[in-house]
Number of protein chains: 2
Amino acid sequence: MEEREISKAVIKRLPRYYRYLGELMENGVERISSGELSKRMSVTASQIRQDLNNFGGFGQQGYGYNVKYLYEEIGKILGLDKKHNMIIIGGGNLGQALANYVDFEKRGFYIKGIFDVNPILKGLSVRGIQIHMLEDLESFIKDEDIQIAALTLPKSKAEEMTKLLVQYGIKAIWNFAHIDLDVPSDVLVENVHLSESLMQLSYNITRYEKEHPRS
Amino acid sequence: MEEREISKAVIKRLPRYYRYLGELMENGVERISSGELSKRMSVTASQIRQDLNNFGGFGQQGYGYNVKYLYEEIGKILGLDKKHNMIIIGGGNLGQALANYVDFEKRGFYIKGIFDVNPILKGLSVRGIQIHMLEDLESFIKDEDIQIAALTLPKSKAEEMTKLLVQYGIKAIWNFAHIDLDVPSDVLVENVHLSESLMQLSYNITRYEKEHPRS
DNA sequence: TAGATTGTTAATCGATTAACAATC
DNA sequence: TAGATTGTTAATCGATTAACAATC
């Protein structure tokens, strides 16, 4: 059953709320009002209340929000209370950088293996995570119940690899390749296009320099 | 002088247009209509024309757009026709992954150096890019005319490093740390929050599973 | 010229902000 | 109870889509 659709804009803000609430918790703050949070995060209080009320009433009139409770509830909305098994496709620098990033595990994302075509990497491991060859991919996905594949390959290889991943039953792809993946509608894709991010920065630099010419 | 402000949504789409036009060029396509491009990119033709007309009329009635011309014009809008000197702050895996990424240079982004606090890395280099110690940072930024710093440090160090970078006159920060940087208004920041991206994917997986329960 | 397709205005849609009654 | 602050409706703002005259 389809519940009312939540807009992408709202989803994009949730992790940021989650991060701020986590910091508040660390600082021992127990309750916070939308007004106070709005100041810290530089968003309107109205937006915070609207966003949260897409998922239910987490606050209390006259009191505000309980930080720990709201943190946990947003965590649940984001699915961080569940375990997600991941693999990394591509044992290059970026793949290894992701493998080395321990914080993912704190959020429920477990990197179970790294896959590469380069036989030189065979048997090596990164932070205890073994690098496997492609021939093991299918059985690994099934045996280890892998949901997510992080795709850190050059564009040229990313396309065929995606076909395999879909065929082997992957549920979601975290895509770092500079290409729009073509997948069936039951496979989810989240893109991280680094060069596009850098181009946006470049645009802003260029515009800023036009508006503020140096003497 | 302030020209009419271009919305963030438009800027975010420009690099994707640029990528598609680049691919069309590689395939020897000389002209394309907004209608044809809209099919390939899965956006509306109307949006393409609106987006482009923020910057000027690049097309011709009855003909469409010249691919090479439009590619170059979008490149100019994004500032890719200019050289941008970059440094990477943080010689860890992510920093090295960025340093190894050659495509940045094709777009005018030159990585001039990597900086780290770890003396073990001193004098090493990645793809010919030397790793320097922090004491050289100030002079390096000035001597090498560095505009952009890619910040690939843990949250704890990112804050103080940002202060230094600002003090030393950096123009823009490409931020990979999980923190919102506090900078003066003349320093531009572009964030890449990997864990937030992964959380969005997690949300979508969770929602999908709710809507499509397994038998 | 006739057909195609842009540039641009107008209409629609959706997201953000403001306001305030409900209520803790 | 009085004050504070939410949840939610209404108003505003901005972005997307549709439509079409201009024109190549």
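Chain letters run A, B, ... following the sequence lines, proteins first, then strands; residues in each count from 1.
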Participant: Now, which nucleotide makes the Watson-Crick or G-U wobble pair with C:dC13, with each of the two distances under 3.5 Å?
Facilitator: D:dG14
Participant: Report yes or no: is the cationic atom of B:Arg31 (NZ for Lys, CZ for Arg) closer than 6.0 Å to the six-membered ring centre of B:Tyr63, at no more than 45° off its axis?
Facilitator: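 The answer is yes; both the distance and angle limits are met.
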Participant: Heavy atoms under 4.0 Å, any strand shown: does A:Ser46 hit a base, just sugar-phosphate, or nothing?
Facilitator: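 Answer is base: heavy atoms of A:Ser46 come under 4.0 Å of a base.
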Participant: For the side chain of A:Ala9, starting at C-beta, report the closest nucleotide among C:dG7, D:dT16, C:dT16.
Facilitator: C:dT16
Participant: Inspect the contact between B:Lys112 and B:Asp145 and indicate whether a charged nitrogen and a carboxylate oxygen are less than 4.0 angstrom apart.
Facilitator: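 Between B:Lys112 and B:Asp145 there is no salt bridge, as every charged N stays at least 4.0 Å from the carboxylate O atoms.
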Participant: Think A:Arg13 has a side-chain N or O under 4.0 angstrom from the OP1 or OP2 of C:dT16?
Facilitator: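 So the side-chain polar atoms of A:Arg13 do come within 4.0 Å of the phosphate oxygens OP1 or OP2 of C:dT16, strictly under.
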Participant: Does C:dT5 have its OP1 or OP2 closer than 4.0 Å to a side-chain nitrogen or oxygen of B:Ser34?
Facilitator: no
Participant: Within this structure, what is the CD-to-C1' distance between B:Gln47 and D:dT16, rounded to whole angstrom?
Facilitator: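 It is 6 Å, rounded to the nearest whole Å.
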Participant: Taking the nucleotide of DNA chain C with the closest heavy atom to each, which residue, B:Gln50 or B:Gly35, is nearer the 5' end?
Facilitator: B:Gly35
Participant: In whole angstrom, what separates B:Phe58's CZ from C:dT8's P?
Facilitator: 12 Å
Participant: Nearest-Å distance, CG (A:Asn53) to C1' (D:dT6)?
Facilitator: 8 Å
Participant: For C:dC20, which nucleotide in any strand shown is its Watson-Crick or wobble partner with both distances under 3.5 Å?
Facilitator: D:dG7
Participant: Are OP1 or OP2 of C:dT6 and a side-chain N or O of B:Arg49 less than 4.0 angstrom apart?
Facilitator: yes
Participant: With a 4.0 Å cut-off, would you call B:Arg207 and A:Glu5 a salt bridge?
Facilitator: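 Yes.
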Participant: Kindly say whether, by distance alone, the side chain of A:Gln60 makes a donor-acceptor pair under 3.5 Å with the base of C:dT23?
Facilitator: no
Participant: Given C:dT16, is OP1 or OP2 found less than 4.0 Å from the side-chain N or O atoms of A:Thr44?
Facilitator: no
Participant: Which is more 5' along DNA chain C, the nucleotide nearest A:Gln61 or the one nearest A:Val10? Just name the residue.
Facilitator: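 Of the two residues, A:Val10 wins.
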Participant: Does this structure show an ion pair linking B:Glu138 with B:Lys142, if we count only N-O contacts that are shorter than 4.0 Å?
Facilitator: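 Answer for the salt bridge query: yes.
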